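Here the structure is laid out as structure tokens; the discussion comes afterwards.
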Amino acid sequence: MTVAAILSGKGHDIITARSDALLSEICETLAKHKIGAVVVSDDEGAVNGIVSERDIVRVIGTQGVSALKTPVSSVMTKTVVTCTEENNINEVMAQMTQGRFRHMPVLKDGKLTGVISIGDVVKFKIAQVELEAEQMRSYITMA
């Protein structure tokens, strides 16, 4: 199965921010949309970085509340691991686990087309296992 299968169920909604947005604005965006990360991109849809709740907590923990007045560009992860819709879900899950991150932007022709989280991957994998189990039960019952 591929990333496209996750996005077909989840959708292609993307919440982004500009690199000059303040961390306080990013916090408001995360809370408003009930998400864990925001992709930082330019007007053409190129990924410049990503910032997560974890990133914000770390900077507040070291710099205090005044960090909320800093631009996201100073806190975001600038080297972002991305995938495409054609990537295998198991490979993506392994990358997320190895890199210890929970959100991965999905690109198509270099442009942002979606974001998947480890929760999306796990939800998809559980549904897949449940479907296989149901098919096995049906097969056994029919035999």
Side-chain angles (χ1 to χ4, degrees), residues 1-140:
M1 289 292 172
T2 63
V3 170
I6 292 175
L7 289 177
S8 70
K10 175 185 178 177
H12 291 267
D13 294 341
I14 308 166
I15 305 300
T16 62
R18 297 177 55 89
S19 60
D20 59 352
L22 299 180
L23 281 185
S24 60
E25 296 170 306
I26 300 298
C27 290
E28 290 170 11
T29 300
L30 293 171
K32 177 181 177 184
H33 297 284
K34 298 178 182 173
I35 56 176
V38 173
V39 176
V40 181
S41 67
D42 61 22
D43 293 334
E44 287 79 45
V47 175
N48 295 331
I50 191 167
V51 63
S52 70
E53 296 166 321
R54 187 180 295 170
D55 297 326
I56 295 168
V57 167
R58 284 184 182 140
V59 73
I60 291 173
T62 58
Q63 297 178 17
V65 170
S66 63
L68 292 173
K69 296 177 182 173
T70 61
V72 70
S73 60
S74 64
V75 176
M76 69 184 187
T77 300
K78 294 177 182 161
T79 306
V80 182
V81 178
T82 63
C83 64
T84 67
E85 292 185 13
E86 292 77 30
N87 281 112
N88 179 288
I89 292 172
N90 291 335
E91 294 169 354
V92 169
M93 189 166 52
Q95 282 182 300
M96 289 175 151
T97 301
Q98 184 178 21
R100 298 180 57 97
F101 56 87
R102 299 179 298 147
H103 300 87
M104 185 179 286
V106 182
L107 302 181
K108 184 173 185 174
D109 300 324
K111 305 288 184 200
L112 188 60
T113 186
V115 177
I116 61 170
S117 70
I118 192 69
D120 298 328
V121 174
V122 169
K123 180 180 174 182
F124 183 84
K125 294 291 283 179
I126 289 171
Q128 190 177 26
V129 168
E130 288 175 349
L131 177 63
E132 290 173 5
E134 182 57 37
Q135 289 172 339
M136 289 295 286
R137 281 192 288 275
S138 294
Y139 176 76
I140 292 169

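It should be emphasised that the depicted structure is a prediction, and the values quoted were computed from it without experimental measurement.
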- prompt: For the atom pair NZ (Lys32) and SG (Cys27), what is the distance rounded to the nearest 0.5 Å?
  reply: 15.0 Å

statement: Rounded to the nearest 0.5 Å, the CD atom of Gln95 sits from the CE atom of Met104 at a distance of 4.5 Å

For the student: nearest non-hydrogen atoms of Arg54 and Arg100, plus distance: NH1-O, 3.5 Å

task: Before giving the answer on side-chain contact (heavy atoms from CB on, under 4.5 Å), spell out for Ile116 and Val121 the whole-Å C-alpha distance, their side-chain angles and the decisive distance to 0.1 Å.
output: CA-CA 7 Å; Ile116 61 170; Val121 174; 4.2 Å; yes

- request: Please step through side-chain contact (heavy atoms from CB on, under 4.5 Å) for the pair Thr2 and Asn87, ending with a clear verdict.
  value: CA-CA 5 Å; Thr2 63; Asn87 281 112; over 6 Å; no

- prompt: Is the closest basic N to carboxylate O distance between Asp42 and Arg18 below 4.0 Å?
  reply: no

query: Can you name the nearest heavy-atom pair linking Ile50 to Val80, along with the distance?
result: N-CG2, 3.8 Å

Arg102 vs Glu53 side-chain heavy atoms within contact, under 4.5 Å: yes

query: Donor-acceptor pair, Ser74 side chain versus Thr70 backbone, under 3.5 Å?
result: no

field: Residues, nucleotides or ligands: over 12 heavy atoms within 6.0 Å of Asp109 CG
entry: no

- request: Mind running side-chain contact (heavy atoms from CB on, under 4.5 Å) on Thr84 and Lys108 for me, showing each step along the way?
  value: CA-CA 6 Å; Thr84 67; Lys108 184 173 185 174; over 6 Å; no

- line: Closest non-hydrogen atoms of Ala5 and Ser8, given as atom of the first, atom of the second and distance, are O-OG, 2.8 Å

- prompt: Near Glu132 CD, under 6.0 Å, is it more than 12 heavy atoms from other residues, nucleotides or ligands?
  reply: yes

- request: Can you measure from OG (Ser117) to NE2 (His103) and round to the nearest 0.5 angstrom?
  value: 5.0 Å

query: Atom OG1 of Thr16 and atom CG of Asp43: how far apart are they, to the nearest 0.5 Å?
result: 9.0 Å

- prompt: Lys111 side chain to Ala46 main-chain N or O, any donor-acceptor pair under 3.5 Å?
  reply: no

- request: Apply side-chain contact (heavy atoms from CB on, under 4.5 Å) to the pair Phe124 and Gln128, showing each step before the final yes or no.
  value: CA-CA 6 Å; Phe124 183 84; Gln128 190 177 26; 4.2 Å; yes

field: Side-chain donor or acceptor of His12 paired with backbone N/O of Gly114 under 3.5 Å
entry: no

task: Look only at the side chain of Asn88 and the backbone of Asn90, and say whether a donor-acceptor pair between them is shorter than 3.5 Å.
output: yes

task: Measure the CE-CD1 distance between Met1 and Ile89 for me, rounded to the nearest 0.5 Å.
output: 7.0 Å

- line: Between Val81 and Pro105, the two heavy atoms sitting closest are O-CD, 3.5 Å

message: What's the separation between atom CG in Leu23 and atom OG in Ser73, rounded to the nearest 0.5 Å?
response: 9.0 Å

- prompt: Closest heavy-atom contact between Leu22 and Leu68?
  reply: CB-O, 3.9 Å

task: Using atom types as modelled and distance alone, determine if a side-chain donor or acceptor of Ser52 lies under 3.5 Å from a backbone N or O of Asp55.
output: yes

query: Is there side-chain contact between Leu30 and Val38, with heavy atoms separated by less than 4.5 Å?
result: yes

query: Thr29 and Ile35: which non-hydrogen atoms are nearest, and at how many Å?
result: O-CG1, 4.4 Å

- line: With Val47 as partner, the option from Val106, Leu112, Val40 fulfilling side chain to side chain contact (heavy atoms under 4.5 Å, CB included) is Leu112

